[in-house]
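This report concerns only the one structure given below.
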2 protein chains.
Amino acid sequence: MTGLRERQKEDRQTSIARAAKIMFLEHGFEKATIEGIAQAAGVSGVTVHNYYGTKSGILLALVAENDRSLIASLNKELSLCPQEVTEVTVRFAKTILEHVLMNLQKVIWRQVIATVTANADNSISKPYFDLDQELAQVLVLQISRMQDAGNLPKSIVPENLGAALFHLQNARFIQFVCSDELQIEDVLRRIRNDLEALFSVQAAVSA
Amino acid sequence: MTGLRERQKEDRQTSIARAAKIMFLEHGFEKATIEGIAQAAGVSGVTVHNYYGTKSGILLALVAENDRSLIASLNKELSLCPQEVTEVTVRFAKTILEHVLMNLQKVIWRQVIATVTANADNSISKPYFDLDQELAQVLVLQISRMQDAGNLPKSIVPENLGAALFHLQNARFIQFVCSDELQIEDVLRRIRNDLEALFSVQAAVSA
DNA sequence: ATGAAATATTTAGTTGCATAAAATTTTGTA
DNA sequence: TACAAAATTTTATGCAACTAAATATTTCAT
């Protein structure tokens with residue numbers, strides 16, 4: 001049953017996605033039209049709707065494709081990472097930020113976040129939230145590793161610290177894509193500052 | 001020059017805003033139409049456009065109104081707060097979450113965040129980002145106070161810790177409005193967990 | 001090759017945001 | 001009261017997302 005038809009279906013799907021990406025990058029999400037994408041992909045506008053449902057659907061499909069490679073990059077990058085929380089987190093953030101900019105512009109990512117937020121209760125957003133879960137899990141594993149290596153107290157619940165670090169990173173990520181000026185290094189510096197400040201609070205008890 | 005006309009202008013403005021709020025709450029942002037809002041407010045659709053520019057513009061105006069009272073609530077709530085970082089942060093988050101739900105539903109807040117994010121480079125979003133700045137500043141002041149009271153090490157830069165705590169809170173806030181199930185208490189518990197985990201990292205160095 | 005099933009396109013239409021320009025009403029003043 | 005200025009409504013229009021139904025095409029199995 002894996003005949004010619006399915007292959008053509010895939011072909012059409014990818015050519016629509018490719019056309020959409022070009023249109024989004026060239027004209028921005030708002031100004032890009034489904035009809036234009038359809039024309040560039042050599043199909044009709046209705047066909048685009050049949051495949052992706054809505055304009056936002058096309059965008060999220062692009063992101064989903066992008067995501068598959070991210071987890072791999074992350075694990076590779078972190079496998080030979082210094083056993084220190086701040087460095088792990090910064091490396092984690094750096095990988096995500098670079099990966100993100102490699103595929104789409106900030107202004108497009110703003111649309112992604114907007115779409116996912118506005119449709120948080122819709123199944124269209126589920127893959128995005130699932131990815132967040134996976135990303136947090138990457139940090140959790142790193143934390144466990146550091147605990148095993150004796151670089152972090154065993155009293156810490158890895159899930160909790162992983163979630164906290166991920167959310168902090170995510171907040172800085174959103175801030176990054178929302179500002180045209182902010183550079184990756186700026187964000188990393190801020191994350192360092194965040195962590196340094198947070199990790200110093202402990203001393204309060206003994207002061 | 002503060003004549004009848006200006007008063008009527010204000011009247012119209014508020015009646016549009018009031019009608020919009022009702023429509024948004026009743027039918028949701030997407031399904032509410034400008035024409036419907038206009039009718040409920042007793043003006044024409046074009047007049048609504050004249051006053052607020054876009055549909056999103058109406059929404060953000062509602063939020064801006066809401067914001068004015070938030071800072072006041074916060075300072076009041078925190079003025080007699082225990083001098084402990086976690087409690088201050090939790091109280092901070094609690095005040096914001098309650099204030100937010102008092103005015104609009106989660107599903108509407110999702111639209112707010114989506115609009116602000118999608119239009120981050122547009123001046124329409126500026127008031128929202130300005131508010132974030134102000135909110136972070138509230139935390140910064142609290143931190144300074146705790147430092148002065150000897151409950152936090154002087155080595156901490158208040159701006160850094162304030163920003164970190166605010167971003168963490170903000171990430172949890174977004175998670176809150178994005179999930180219909182999450183309750184305020186759930187969020188506060190998570191924030192506590194976040195902070196407990198983060199504040200325990202310090203011990204790593206001495207381990 | 002032919003017919004049945006799946007798929008895509010055409011055609012046509014609805015909706016709603018947004019804008020522009022002309023006509024009308026309202027307001028404040030002389 | 002009448003006039004001039006300001007604001008609103010009317011009227012008209014464009015645009016693009018989205019949907020529905022009929023038509024045409026492609027594919028696969030017989």
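Every chain is numbered from 1, with letters handed out A, B, ... down the list of sequences. In what follows, every heavy atom counts, from backbone to side chain, and hydrogens, waters and symmetry copies are set aside.
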Notebook entry, point to check: Does A:Gln142 use its side chain to pair, donor to acceptor, with the backbone of A:Ser79 at less than 3.5 Å?
Noted result: no
Item checked: Gap between atoms CD1 and C1', on B:Ile37 and C:dC17 respectively (whole Å) -> 12 Å
Checklist line | For atom CD of A:Glu30 and atom P of C:dG16, their distance in whole Å | finding: 19 Å
Next item on the list: Report which part of the nucleic acid A:Ala32 touches: base, sugar-phosphate, or nothing (heavy-atom distance under 4.0 Å, all strands).
Entry: sugar-phosphate
Note to self: For nucleotides 20-25 of chain C, give me one character per nucleotide, 5' to 3': B if any protein heavy atom sits under 4.0 Å from the base, S if the only such contacts are to the sugar-phosphate, - if neither.
What the structure shows: B-----
Next item on the list: Can you tell me the distance, in whole Å, between the CG atom of B:Asn50 and the P atom of C:dT19?
Entry: 10 Å
Margin query: Between B:Ser69 and B:His99, is there a side-chain donor-acceptor contact under 3.5 Å, judged purely by atom types and distance?
Written below: yes
Item checked: Short N-O contact, B:Lys106 and B:Asp180, less than 4.0 angstrom -> no
Notebook entry, point to check: Do NZ/NE/NH1/NH2 and the carboxylate oxygens of B:Asp186 and B:Arg189 come within less than 4.0 Å?
Noted result: yes
Item checked: Rounded interatomic separation in angstrom, taking CG from A:Asp11 and C1' from C:dT7 -> 15 Å
Check: Counting only non-hydrogen atoms, which of residues 51-64 of chain A are less than 4.0 Å from DNA chain D?
Finding: A:Thr54, A:Lys55
Notebook entry, point to check: Rounded to whole angstrom units, what separation is found between the NZ atom of B:Lys31 and the C1' atom of D:dA17?
Noted result: 16 Å
Note to self: Nearest whole Å is fine: how far is C:dA12 P from A:His49 NE2?
What the structure shows: 19 Å
Next item on the list: May I have the step-by-step check of side-chain hydrogen bond (donor to acceptor under 3.5 Å, both in side chains) for A:Gln169 and A:Arg172, ending in yes or no?
Entry: CA-CA 5 Å; A:Gln169 178 275 336; A:Arg172 289 299 190 182; over 6 Å; no
Notebook entry, point to check: How long is the span from the CZ atom in B:Phe24 to the CG atom in B:Leu62, to the nearest 0.5 Å?
Noted result: 6.5 Å
Notebook entry, point to check: Charged N to carboxylate O under 4.0 angstrom, B:Glu87 versus B:Arg192?
Noted result: yes
Next item on the list: Taking salt bridge (Lys or Arg N to Asp or Glu O under 4.0 Å) as the test, write out the residues that go with B:Glu98, two or more places apart.
Entry: B:Lys94
